[in-house]
Amino acid sequence: MKNGNKDVRFMRMAMDEAKAALASGDFPVGCVITDGRRVVASGFRTASRGIMANEIDHAEMVALRNLCTNRPEIPTDRLCLYTTLEPCLMCFGAILISGIHRIVYAFEDVMGGGTSCSRQTMPPLYRDIELVVIPNVCRDESIELLRAFFSNPENIYLKDTLLAEYTMRQDAAFPPNTAT
């Protein structure tokens with residue numbers, strides 16, 4: 001199976017996680033971690049409802065915690081993380097420290113995305129890792145979930161932020177998907 005087809009298949013599983021978050025009233029971000037053949041851990045954003053959101057339980061952090069708890073024997077050099085929103089700086093750092101060498105994401109986080117940070121000026125723990133980042137896989141699906149969240153007046157998390165404004169004005173065809 002070609003990487004693009006595999007990426008779409010696993011990203012759709014991450015989308016299912018994001019849909020579960022949305023169904024529970026949380027910010028719709030989902031994540032799966034694979035060993036290249038199967039999902040070995042997953043998670044979705046939790047505790048984003050209400051006035052004081054928990055900023056630790058991002059989908060990537062939940063999936064990483066599940067990976068460490070349930071599958072500690074898997075070599076990290078074979079792991080790929082799929083997430084429906086570009087990892088923030090906190091999650092990006094945790095992903096790097098975890099030894100995951102491939103990140104695939106659906107939609108860019110213009111407000112807090114960490115994958116475009118220059119690692120050349122970071123300490124060796126973050127800098128000396130070979131990393132492949134693949135953006136825009138199933139981007140339109142992620143935009144639609146985020147639009148549904150931001151369109152609901154009951155959802156106050158990240159309301160009136162750059163991410164909300166950027167998401168709501170996205171044309172589904174721009175930038176073009178690298179995989180659909």
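Keep in mind it's a predicted model, so treat the numbers as computed, not measured.
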* Return yes if some donor-acceptor pair links the side-chain N/O of Arg119 with the main-chain N/O of Tyr126 below 3.5 Å, else return no. => yes
* Asked: Which heavy-atom pair separates Phe10 from Val32 by the least distance, and what is that distance?
  -> O-CG2, 3.5 Å
* Asked: So Thr115 and Tyr105, side chain to side chain contact (heavy atoms under 4.5 Å, CB included) or not? Walk me through it.
  -> CA-CA 10 Å; Thr115 64; Tyr105 69 84; 3.7 Å; yes
* Yes or no on side chain to side chain contact (heavy atoms under 4.5 Å, CB included) for Asn54 and Thr46, after CA distance, side-chain angles and deciding distance? -> CA-CA 8 Å; Asn54 175 338; Thr46 62; over 6 Å; no
* Structure fact -> Taking every heavy atom of Met11 against every heavy atom of Ala106, the minimum-distance pair comes out as CE-N, 3.6 Å
* Structure fact -> On a heavy-atom basis, the closest approach of Gly43 and Val62 is CA-CG1, 3.8 Å
* Donor-acceptor pair, side chain of Thr161 and main chain of Leu158, under 3.5 angstrom -> yes
* Taking side chain as C-beta onward, heavy atoms only, is Leu79 less than 4.5 Å from Leu67? -> yes
* To do: Could you grab the distance from atom CD1 of Ile95 to atom CD1 of Ile103, nearest 0.5 Å is fine?
  => 4.5 Å
* Just by distance, with hydrogens left out, do Arg147 and Gln170 show a side-chain donor and acceptor under 3.5 Å apart? -> no
* Any side-chain heavy atom of Val132 sitting closer than 4.5 Å to one from His101? -> no
* Do you know the tightest heavy-atom contact between Ala63 and Ala41? -> O-CB, 3.5 Å
* Counting N and O atoms only, with roles assigned by atom type, does the side chain of Lys159 sit under 3.5 Å from a partner on the main chain of Phe150, one being a donor and the other an acceptor? -> no
* Asked: With no hydrogens and no angle check, is any side-chain donor or acceptor of Ser98 less than 3.5 Å from a backbone partner on Ile100?
  -> no
* Could you tell me whether the side chain of Ile33 reaches within less than 4.5 Å of the side chain of Val39, counting heavy atoms only? => no
* Asked: Distance-only, no hydrogens or angles: does the Arg49 side chain make a donor-acceptor pair with backbone N or O of Ser24 under 3.5 Å?
  -> yes
* **Interatomic spacing from NE2 in His58 to SG in Cys91 - rounded to 0.5 Å** => 5.5 Å
* Structure fact -> Tightest non-hydrogen contact, residues Arg45 and Ala21, listed as O-CB, 3.6 Å
* Asked: Does a sphere of radius 6.0 Å around CD1 in Ile56 hold more than 12 heavy atoms from other residues, nucleotides or ligands, not counting ones at 6.0 Å or beyond?
  -> no
* Asked: Salt-bridged, Arg139 to Glu108, with N to O below 4.0 Å?
  -> yes
* Asked: To the nearest 0.5 Å, what is the distance between SG (Cys80) and CG (Asp35)?
  -> 10.5 Å
* Any Cys88 side-chain heavy atom under 4.5 Å of Met111 side chain -> no
* To do: Verify, without hydrogens or angle tests, whether Arg127 (side chain) and Met122 (backbone) share a donor-acceptor contact under 3.5 angstrom.
  => yes
* Measuring from Arg102:CZ to Glu130:CD, what's the distance to the nearest 0.5 Å? -> 14.0 Å
* Asked: Does any non-hydrogen side-chain atom of Met61 lie less than 4.5 Å from one of Glu55?
  -> no
* To do: Establish, for the pair Arg12 and Tyr82, whether the NZ or CZ atom is under 6.0 angstrom from the six-membered ring centre and no further than 45 degrees off its axis.
  => no
* **Flag, side chain of Glu86 to backbone of Asp109, donor-acceptor distance under 3.5 Å** => yes
* To do: Of all the heavy-atom pairs spanning Gly25 and Phe149, show the shortest one and how long it is.
  => O-CE1, 4.0 Å
* Applying side chain to side chain contact (heavy atoms under 4.5 Å, CB included), run through Leu163 and Glu165 and close with a yes or a no. => CA-CA 6 Å; Leu163 180 60; Glu165 292 169 15; over 6 Å; no
* Are Phe107 and Asn136 close enough, and set up right, to give a side chain to side chain contact (heavy atoms under 4.5 Å, CB included), and what steps lead you there? -> CA-CA 6 Å; Phe107 184 53; Asn136 299 329; over 6 Å; no
* Going by heavy atoms in the side chains, are Leu146 and Pro28 under 4.5 Å from each other? -> yes
* Out of Asp57, Asp26, Asn155, which residue meets the side chain to side chain donor-acceptor pair (under 3.5 Å) rule with Ser48? -> Asp26
* Output yes when a side-chain donor or acceptor of Thr84 lies under 3.5 Å from a complementary backbone atom of Met15, and no otherwise. => no
* Should Phe44 and Leu22 count as side-chain neighbours, where that means a heavy-atom distance under 4.5 Å? -> no
* Would you check if Val29 and Thr83 make a side-chain contact, meaning some heavy-atom pair closer than 4.5 Å? => yes
